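See below for the structure under consideration.
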Amino acid sequence: MTGALHGLKIADFSWVGAGPRATKDLADNGATVVKIESARRLDLGRRSPPFAEGQSKNHDASVFFAQTNTSKKSVTINLSDPAGVEVAKRLVAWADLVVENFGPGYMDRIGLGYETLQQIRPGIILASVSVAGRTGPMAGFRGYGNIAAAQSGHADMTGWPGTEPHMPPLAYGDVVAPMFLTVAILSALEARDRTGQGCHVDVSQIESMVHVAGDLFAGMPEEKPANDDPVMAPHGVFPCAGEDAWIAIACEDDSQWRALCAVLDAGDLATRYPDAGARRAAAPVLRQDLSDLTAPHNGATLEQALVAAGVPASMVLDGKGVAESAALQAAGHFAPTDHPVIGPARMPTPPYHLPDTPVAITASPCLGQHNAEVFAEIGLSADDIARLTEEGALA
């Protein structure tokens, strides 16, 4: 069996996070994704920690890069060299889709703008993702996913009441935007199958992040809600026995609240706060009362008891807990790979299952690992490759 996207050919000029995460999804599903890189302008993802055995100077040791670029091939092309751009054009002629997330205007400046790509490969799809998109008053805005958190309102609504705006602990825009980019790419491919026409897909990280939080602005209280919910109460995390052990609990209705109180042997609380309105009104006091009750409990045991009683609850897992999660293991979420620098590692698979066209995860490529293979496929001879490498065009 082959992946759902077997036969789709992608020239991937994207780097860091927003573009590579989308092309990873396509590669894991069987598309042939050739990642265009250069040692002259190294993908910042290759410089991102953590590094295998602390090898921060090794271009192939970044675990961040390895996770973001599974199942791809890598070639090195110096896009600042006209001869390198000519090789890139050969890849465009080979490809069905081009993906990039450079600053607006960069592809045009190096001679790979959408109109040029159409001339090289009629019907080509160009997929671009950037902080603010390619049109509108912010079209030239430069930055990374954490800047999109500020522009989209996420930073303002995050944190505890009375605290300054808080950036998410990761570039959330680099995670949300690729989901929209993947959907847009698949839509463009479907449209081309019907019409024969390519298009330029344009995805904005800021708009993607507004899309997933827009409804929150309408009901946002004057103070940040932190872990509180406008409907569910209680809704938050509570301490358990052990160092930095927590359990998340959410009660959707009064019956779940009564079940929670029964498990915690807290009938007085059930009587004192009979409905969600009373519980929300007394949120700080109730939070402390519940914390006192959950603190002596083993988190895993309490989770099992609450779930059995019909109360939505889960231990708060750290990285080790996630990696060792029995549920994720049973779901086949982690696929084994063997990387020449990082070594054996388990990489996350797409969070869905296609039984007749399953995903197939392979290790991320080393820098320029597939130069000989890919350049031969697009018509360069061994002598051409050696000469262009010596001249710096394939660096």
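For the numbers below, each heavy atom of this structure counts, side chains included, while hydrogens, waters and symmetry mates do not. All of these numbers come straight from a predicted model, not from anything done at the bench.
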Could you walk me through whether Arg258 and Asp253 pass the salt bridge (Lys or Arg N to Asp or Glu O under 4.0 Å) test, one step at a time? CA-CA 9 Å; Arg258 290 191 292 271; Asp253 52 41; over 6 Å; no

Report yes if some heavy atom in the side chain of Arg47 is under 4.5 Å from a heavy atom in the side chain of Ser62; otherwise report no. no

Asp12 and Ser14: side chain donor to acceptor below 3.5 Å: yes

Knowing that exactly one of Leu91, Leu79, Asn101 qualifies, which makes a side-chain contact (heavy atoms from CB on, under 4.5 Å) with Phe13? Leu79

Going by distance alone, is a donor N or O of one side chain under 3.5 Å from an acceptor N or O of the other, for Glu37 and Ser74? yes

Check: Thr349 and Phe334 side chains under 4.5 Å, non-hydrogen atoms: no

Quick check against the 3.5 Å criterion: does Arg121 have a side-chain atom that pairs as donor or acceptor with the backbone of Ala95? yes

Six-ring centre of Phe375, Arg387 cation under 6.0 angstrom, axis tolerance 45°: no

Mind checking whether Val98 and Ile124 have side chains closer than 4.5 Å, heavy atoms only? yes

Side chain to side chain donor-acceptor pair (under 3.5 Å) partners of Asp60, counting only residues at least two apart: Arg46

In terms of side-chain geometry, is the basic nitrogen of Asp228 or Arg287 positioned less than 4.0 Å from the acidic oxygen of its partner? yes

For Ser128, side chain to side chain donor-acceptor pair (under 3.5 Å) partners two or more places apart: Glu100, His200

Hey, quick one: are Val307 and Met315 part of the same hydrophobic cluster, counting side-chain heavy atoms closer than 4.5 Å, chains of contacts allowed? no

Side chains of Tyr273 and Asp268: donor-acceptor distance under 3.5 Å anywhere? no

Looking at residues at least two apart in the chain, or sitting in another chain, which of them share a salt bridge (charged side-chain N to carboxylate O under 4.0 Å, His left out) with Glu53? none

Is Leu367 reachable from Phe64 through a run of I, L, V, M, F, W or Y residues, each pair having side-chain heavy atoms under 4.5 Å apart? no

With the 4.5 Å side-chain cut-off for hydrophobic clustering, are Val85 and Tyr114 part of the same group? yes

In terms of relative ring orientation, are Phe180 and His211 parallel, tilted or perpendicular, with 30° and 60° separating the classes? perpendicular

Check: Thr76 and Ser38 side chains under 4.5 Å, non-hydrogen atoms: no

Keeping Arg192 on the side-chain end and Asp96 on the backbone end, is there a donor-acceptor pair under 3.5 Å? yes

Could you go step by step and tell me if Leu8 and Asn29 meet the side chain to side chain contact (heavy atoms under 4.5 Å, CB included) rule? CA-CA 10 Å; Leu8 178 65; Asn29 278 284; over 6 Å; no

Lys/Arg-Asp/Glu bridge criterion (N-O < 4.0 Å) met for Lys24, Asp28: yes

Starting from the C-alpha separation in whole Å, work towards a yes-or-no answer on side chain to side chain contact (heavy atoms under 4.5 Å, CB included) for Ser130 and Gln205. CA-CA 6 Å; Ser130 57; Gln205 290 192 38; over 6 Å; no

Would you list the pairs meeting side-chain hydrogen bond (donor to acceptor under 3.5 Å, both in side chains) in which at least one residue belongs to residues 301-311, sequence neighbours left out? Asn298-Thr301

In Å, rounded to the nearest 0.5 Å, how long is the span from CD1 of Ile247 to SG of Cys240? 5.0 Å

So does Leu290 get a backbone contact from the side chain of Thr294, meaning a donor-acceptor N/O pair under 3.5 Å? yes

Note: Asp384-Arg90 ion pair, threshold 4.0 Å (strictly below): no

Quick one: hydrophobic cluster around Val359, which other residues, with the 4.5 Å side-chain cut-off, linked directly or via members? none

Got a sec, which hydrophobics cluster with Val316, joining ILVMFWY side chains under 4.5 Å apart, including via others? Val237, Trp246

Is the backbone N or O of Leu112 less than 3.5 Å from a side-chain atom of Thr116, with the two atoms forming a donor-acceptor pair by type? no

Determine, stepwise, if the pair Lys35 / Thr23 fulfils side chain to side chain contact (heavy atoms under 4.5 Å, CB included). CA-CA 9 Å; Lys35 183 173 176 62; Thr23 52; over 6 Å; no

Can a donor-acceptor pair be found between the side chains of Lys73 and Thr32 at a distance below 3.5 Å? no

Only residue of Leu189, Thr182, Leu181 satisfying side-chain contact (heavy atoms from CB on, under 4.5 Å) with Leu26 is Thr182

The test is side chain to side chain contact (heavy atoms under 4.5 Å, CB included); show your working for Val87 and Ile378 and say whether it passes. CA-CA 9 Å; Val87 175; Ile378 61 174; 4.2 Å; yes

Ile342 vs Thr337 side-chain heavy atoms within contact, under 4.5 Å: no

Check the hydrophobic clustering (I, L, V, M, F, W, Y; side-chain heavy atoms under 4.5 Å; chains of links allowed) and say if Val263 and Ile249 are grouped together. yes

Non-hydrogen side-chain atoms of Glu207 and Asp202 separated by less than 4.5 Å: no

Do Val34 and Met107 sit in the same hydrophobic cluster, where Ile, Leu, Val, Met, Phe, Trp and Tyr count as joined when their side-chain heavy atoms come under 4.5 Å apart? yes

Looking at Arg40 and Asp81, is any side-chain nitrogen of the basic one under 4.0 Å from a carboxylate oxygen of the acidic one? no

Decide whether Arg346 and Gln329 meet the rule of one side-chain donor and one side-chain acceptor closer than 3.5 Å. yes

State the CD1-CG distance between Ile125 and Leu97, to the nearest 0.5 angstrom. 6.0 Å

Any side-chain heavy atom of Val99 sitting closer than 4.5 Å to one from Ile185? yes

